[in-house]
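Please read the structure below before turning to the comments.
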Amino acid sequence: MKYLFLSVILFCVASRLNAERPLDMIDTRVGTDAAVTKTAGLFGKGSEEHGQTLPSVGVPHGMNLWTPQTRDTEQKCIAPYYFSDPKLQGFRNSHWIVGGCTQDYGSMTLHAMSGKLRTSPAGRATRMDHVSEIARPDYYSVTLPDECLEAEMAGLSRSGIFRFTYGNDGIGHIVVNPNSDEGEGSIELDLEKREIRGRNPVHRIYQGWGEPAGFSGWFVVRLPQDLEIVDAGTFRNDTIYPGNDSETSRTGIGAYVSFRACKGIPVVVKAGSSFTSLKAAAANLDAEMAQLDFDQVRERSAALWNERFGRIKVEGGARDNRAKFYGSLYRCSLLPRVINDVDGCYPRFAGGKEIMKVDSGNYYDDFSMWDTYRALHPLLTLIEPRLSGEMMRSLVSKGEQGGWMPIFPCWGSYTAAMIGDHCAVAIADAAVKGVTNFDLRSAYSLLRRNAFESPATKEEYADGMGRRALESYMRYGYIPVEDGVREAFHQREQTSRTLEYAFDDFALSRIASLLEEKDDETVLLRRSGNWKNVIDPVLGYANGRHADGRFVSGTDPFTFNPAITEGAPCHYTWYVPHDTEGLFSMLGGRKRAEAKLDSMFSELRYWHGNEPCHQVAYLFNDLGSPEKTRRHVRHIIDTEYLNVPGGLSGNDDAGQMSAWLVFSAMGFYPVAPSTPDYYLSSPLFERITITPEGGKPFVITAPAATLEKGGEDLVKGVRLNGRKIPADRISHKDMVKGGELEFYQ
């Protein structure tokens with residue numbers, strides 16, 4: 001009896017420890033449904049009310065997001081998977097820019113079924129059992145009742161593995177299709193090698209809408225050698241061509257294989273991909289998983305996720321909060337993505353046809369920079385400085401290959417998709433915080449060109465090179481409403497552009513200071529004050545301004561405005577992260593500024609679903625009211641992040657929404673990236689241990705009583721290594737030294 005009791009105790013302890021593993025707490029479906037959070041729909045509509053995330057498997061920053069598919073298009077703003085969709089169409093090697101509203105590209109989809117062969121995505125769509133669905137970073141499975149089939153998926157960066165287990169003997173089918181909306185893909189069958197191979201050319205949007213990007217997504221699908229094939233061929237939509245071995249340059253094409261399925265005996269399929277060639281896709285597959293079975297692939301994926309999650313260990317507080325934290329850290333670990341093959345080859349930026357090769361490490365693409373410079377890149381700089389440097393090096397390579405530092409580089413192309421010039425901020429933040437494994441001098445040369453020059457030809461400018469409306473910005477010190485900013489996806493939005501360029505100039509001045517470019521530093525610091533030119537002293541908020549100096553009349557500061565990006569003047573007024581004291585002065589002094597900041601929350605003007613508000617709650621620190629920062633940050637955490645499919649209040653935007661949660665749950669946030677300080681709030685957990693790659697542990701502790709949802713803020717002060725410090729901020733330098741930050745009551 002004694003041993004039985006001990007066994008029960010040990011089992012309970014083991015179960016509890018097992019349940020505490022981050023991988024076991026994460027549901028990757030969070031953000032895949034329409035938002036149900038507090039401010040959802042307050043300002044954003046349509047796709048902005050979805051997190052636009054994916055329940056993908058793979059590895060951190062992998063080339064592919066191996067994901068279930070409920071929608072087959074690669075069109076803008078349509079993610080491959082939505083929780084509300086009742087049917088599954090297959091499994092995709094997606095390159096969706098997670099959480100955004102761009103488009104998928106270079107992807108392929110495979111699906112398994114039983115019974116009658118159905119080939120088009122809509123025709124083969126089958127009921128999926130969400131109750132049976134398991135969606136984790138390292139593993140996905142789902143029961144397909146109408147197919148009498150269990151489907152499982154795991155993946156690494158450039159290769160994926162699928163295990164299909166049939167519940168009955170009979171005929172099974174596997175179909176594969178390149179997802180080319182333009183009808184430019186190709187596919188071929190090689191039954192001798194048991195392979196299905198193909199390509200899906202990549203196309204641009206924003207700048208050069210619909211034009212070829214110059215490269216393709218190549219793929220190879222390998223079937224088991226002992227598969228008893230009874231039929232094979234190609235298809236177009238729902239028309240099959242038995243015995244045919246290739247299709248090209250038509251919409252809706254694909255290939256199928258029919259085989260004898262045996263009850264309970266898994267059919268294991270592997271797939272590899274590349275952005276350079278079919279041969280490279282096969283080589284990537286061979287290198288990553290040729291000798292691995294399904295469980296070994298899953299174990300390898302889990303090990304890489306555990307390494308990432310191990311950078312930040314959280315203890316105490318509610319389990320739901322720990323799940324929110326690690327789910328957010330997962331979503332912070334998807335983009336930017338690796339583009340190169342295992343041998344380092346990748347398609348040249350801004351052209352694609354020439355094959356380049358990275359000397360060491362990896363080369364990255366899909367920088368949703370308007371979003372991610374705020375918190376995602378600072379987070380990577382904090383916990384993975386070597387990785388951060390590789391990403392900055394990738395930006396420099398793009399600038400050298402294309403001639404200009406990109407603004408928003410995605411799918412290997414210039415885009416100028418959003419406003420600002422925020423590679424300057426991400427690079428400055430990395431440099432200021434000690435990241436050295438990239439060429440800062442080369443980066444500065446390219447960034448300086450963006451800040452002071454415009455392309456020599458209209459064609460280059462139209463292609464997305466250079467800052468938008470730079471001539472107006474330099475002439476007036478702001479962008480007047482008469483400049484329509486036509487060569488941009490986001491046209492107009494002149495006031496927001498002015499505010500963001502002012503901060504970009506400040507960030508670039510930090511690099512100039514590091515490189516002792518004193519004259520440039522002086523000019524850039526002066527330009528960083530251009531934000532003052534769009535704060536309307538009569539309106540009391542940011543406002544559009546005419547070329548003759550008059551502010552636009554009749555502006556409602558609380559509604560959407562053509563001079564403002566994705567928001568209202570009341571949102572963008574607070575976008576002066578490098579000079580908050582100057583902003584408070586322009587708003588009538590600290591007392592009036594605080595009342596105006598209070599109204600953002602009391603009058604329901606705060607919108608967490610989009611980035612321009614993300615620093616707002618932290619500004620109370622600069623007004624001497626850190627308790628308000630702590631209260632509002634905690635309220636946002638409690639109400640805008642939920643562990644349900646509709647649990648994000650807006651697009652996750654390549655991890656920025658989630659990065660806000662990761663930082664804020666740890667008790668600090670980078671309000672002004674490119675500066676060495678973080679603004680403090682209060683931790684969500686009793687103990688947090690941050691262990692940067694190659695660095696020393698930094699421990700953050702907080703009294704348990706402050707952790708209750710909606711509870712009283714009991715923080716009375718903050719101590720760093722036993723020494724009392726102000727409760728408003730901490731420096732990056734102090735954190736990376738290692739030590740302890742204590743919030744006490």
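Keep in mind that the numbers below use all heavy atoms, side chains included, and drop hydrogens, waters and symmetry copies. All residue numbers refer to positions in the sequence shown, counting from 1.
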Please step through side-chain hydrogen bond (donor to acceptor under 3.5 Å, both in side chains) for the pair Ser273 and Asn64, ending with a clear verdict. CA-CA 8 Å; Ser273 73; Asn64 297 291; 2.6 Å; yes

Between Met418 and Ile407, does a side-chain contact (heavy atoms from CB on, under 4.5 Å) hold up when you go through it step by step? CA-CA 8 Å; Met418 293 295 293; Ile407 302 295; over 6 Å; no

For Arg158, is there any backbone N or O sitting under 3.5 Å from a side-chain donor or acceptor partner on Glu288? yes

Distance-only donor-acceptor check, side chains Ser333 and Arg308, under 3.5 Å: yes

Any salt bridge linking Arg92 with Asp104? Criterion: basic side-chain nitrogen under 4.0 Å from a carboxylate oxygen. yes

Could you walk me through whether Trp96 and Leu334 pass the side-chain contact (heavy atoms from CB on, under 4.5 Å) test, one step at a time? CA-CA 10 Å; Trp96 174 250; Leu334 302 176; over 6 Å; no

Ignoring hydrogens and angles, state whether a donor on the side chain of Asn93 or Ser107 is under 3.5 Å from an acceptor on the partner side chain. no

Could you check whether any side-chain N or O of Ser157 sits under 3.5 Å from a backbone N or O of Gly62, counting only pairs where one atom can act as donor and the other as acceptor? no

Do the side chain of Trp66 and the main chain of Ser159 share a donor and acceptor less than 3.5 angstrom apart? yes

Check step by step if salt bridge (charged side-chain N to carboxylate O under 4.0 Å, His left out) holds for Arg331 and Asp653. CA-CA 10 Å; Arg331 293 187 295 275; Asp653 285 329; over 6 Å; no

Quick one: do the Asp728 and Tyr618 side chains pair a donor with an acceptor below 3.5 Å? no

Does Thr522 use its side chain to pair, donor to acceptor, with the backbone of Lys518 at less than 3.5 Å? yes

Give a yes or no on whether Glu471 atom CD has more than 12 heavy-atom contacts from other residues, nucleotides or ligands under 6.0 Å away. no

Is the positively charged end of Arg527 above the ring of Tyr501, judged by distance under 6.0 angstrom from the centroid and angle within 45° of the axis? no

Would you verify whether the NZ or CZ of Arg204 falls within 45 degrees of the ring axis of Trp209 while also being under 6.0 Å from that six-membered ring's centre? no

For Val485, is there any backbone N or O sitting under 3.5 Å from a side-chain donor or acceptor partner on Gln491? no

Does any non-hydrogen side-chain atom of Phe275 lie less than 4.5 Å from one of Asp365? no

If we only count heavy atoms from C-beta on, is the Phe219 to Leu278 side-chain gap below 4.5 Å? no

Taking the side chain as every heavy atom from C-beta outward, state whether Leu304 and Glu307 have any atom pair closer than 4.5 Å. yes

If we count only N and O atoms by modelled type, under 3.5 Å, do the side chains of Ser56 and Thr67 hold a donor and an acceptor together? no

Within 45° of the six-membered ring axis of Phe309 and under 6.0 Å from that ring's centre, is NZ or CZ of Arg311 located there? no

Give a yes or no on whether Lys696 atom NZ has more than 12 heavy-atom contacts from other residues, nucleotides or ligands under 6.0 Å away. no

Is there a side-chain contact between Tyr444 and Glu517, using heavy atoms and a 4.5 Å cut-off? yes

Asn200 versus Glu74, side-chain donor and acceptor atoms under 3.5 Å: yes

One should read off an interatomic distance between Phe663 CZ and Tyr679 OH, to the nearest 0.5 angstrom, of 14.5 Å

About how many Å separate CG of Asp429 and NE2 of His732, when rounded to the nearest 0.5 Å? 8.0 Å

Closer than 4.0 angstrom, basic N to acidic O: yes or no for Asp520 and Arg448? yes

Can you find a pair of side-chain heavy atoms, one from Ile730 and one from Asp677, that are under 4.5 Å apart? no

Could you tell me whether the side chains of His578 and Arg510 share a donor-acceptor contact shorter than 3.5 Å? no

Under 3.5 Å, is there a donor-acceptor pair between the side chain of Trp305 and the main chain of Gly58? yes

Can any side-chain N or O of Asn533 pair as donor or acceptor with the backbone N or O of Gly477 at less than 3.5 Å? yes

Any chance the rings of Tyr414 and Tyr206 have centres within less than 6.0 Å? no

Looking at Tyr461, is Arg468 sitting on its ring face, NZ or CZ under 6.0 Å from the six-membered ring centre and within 45 degrees of the normal? yes

With no hydrogens and no angle check, do the side chains of Lys398 and Tyr363 hold a donor and an acceptor under 3.5 Å apart? yes

Is it true that atom CZ of Arg348 has more than 12 heavy atoms of other residues, nucleotides or ligands lying nearer than 6.0 Å? yes

Is a side-chain N or O of Ser513 found less than 3.5 angstrom from the main chain of Ser509, in a donor-acceptor match? no

Applying ring pair (Phe, Tyr, Trp, His ring centres under 6.0 Å) to His377 and Phe367, what does each step give before you reach the verdict? CA-CA 10 Å; His377 281 291; Phe367 289 77; 5.8 Å; yes

Is a donor on one side and an acceptor on the other found under 3.5 Å between the side chain of His61 and the backbone of Pro336? yes

Can you find a heavy atom in the side chain of Leu525 that is under 4.5 Å from one in the side chain of Phe506? yes

Correct closest heavy-atom pair for Met405 and Leu395 would be SD-O, 3.6 Å

If we check side chain to side chain donor-acceptor pair (under 3.5 Å) with Trp370, which of these qualifies: Glu611, Glu566, Glu500, Gln656? Glu500

Decide whether Asp505 and Tyr473 meet the rule of one side-chain donor and one side-chain acceptor closer than 3.5 Å. yes

Indicate yes or no: at least one non-hydrogen side-chain atom of Tyr478 is less than 4.5 angstrom from one of Asp483. no

Does Glu487 pair with Lys458 as a salt bridge, N-O distance under 4.0 Å? no

Just checking, is any N or O donor in the side chain of Asp341 or Ser274 under 3.5 Å from an acceptor N or O on the other one? yes

Rounded to the nearest 0.5 angstrom, the NE2-OG distance for His422 and Ser368 is 11.0 Å

Once rounded to the nearest 0.5 Å, what's the spacing between atom SG of Cys345 and atom CG of Asn340? 8.5 Å

Ser731 OG to Lys737 NZ distance, which is reported to the nearest 0.5 Å: 7.0 Å

Shortest non-hydrogen contact from Ala424 toward Ile511: O-CD1, 4.1 Å

Evaluate the side-chain proximity of Val576 to Phe503: yes if any heavy-atom separation is below 4.5 Å, no if none is. no

Main-chain N/O of Asp421 paired with Asn450 side-chain donor or acceptor, under 3.5 Å: no

As an exercise, state the distance from CD1 of Ile690 to CD1 of Ile383, rounded to the nearest 0.5 Å. 9.0 Å

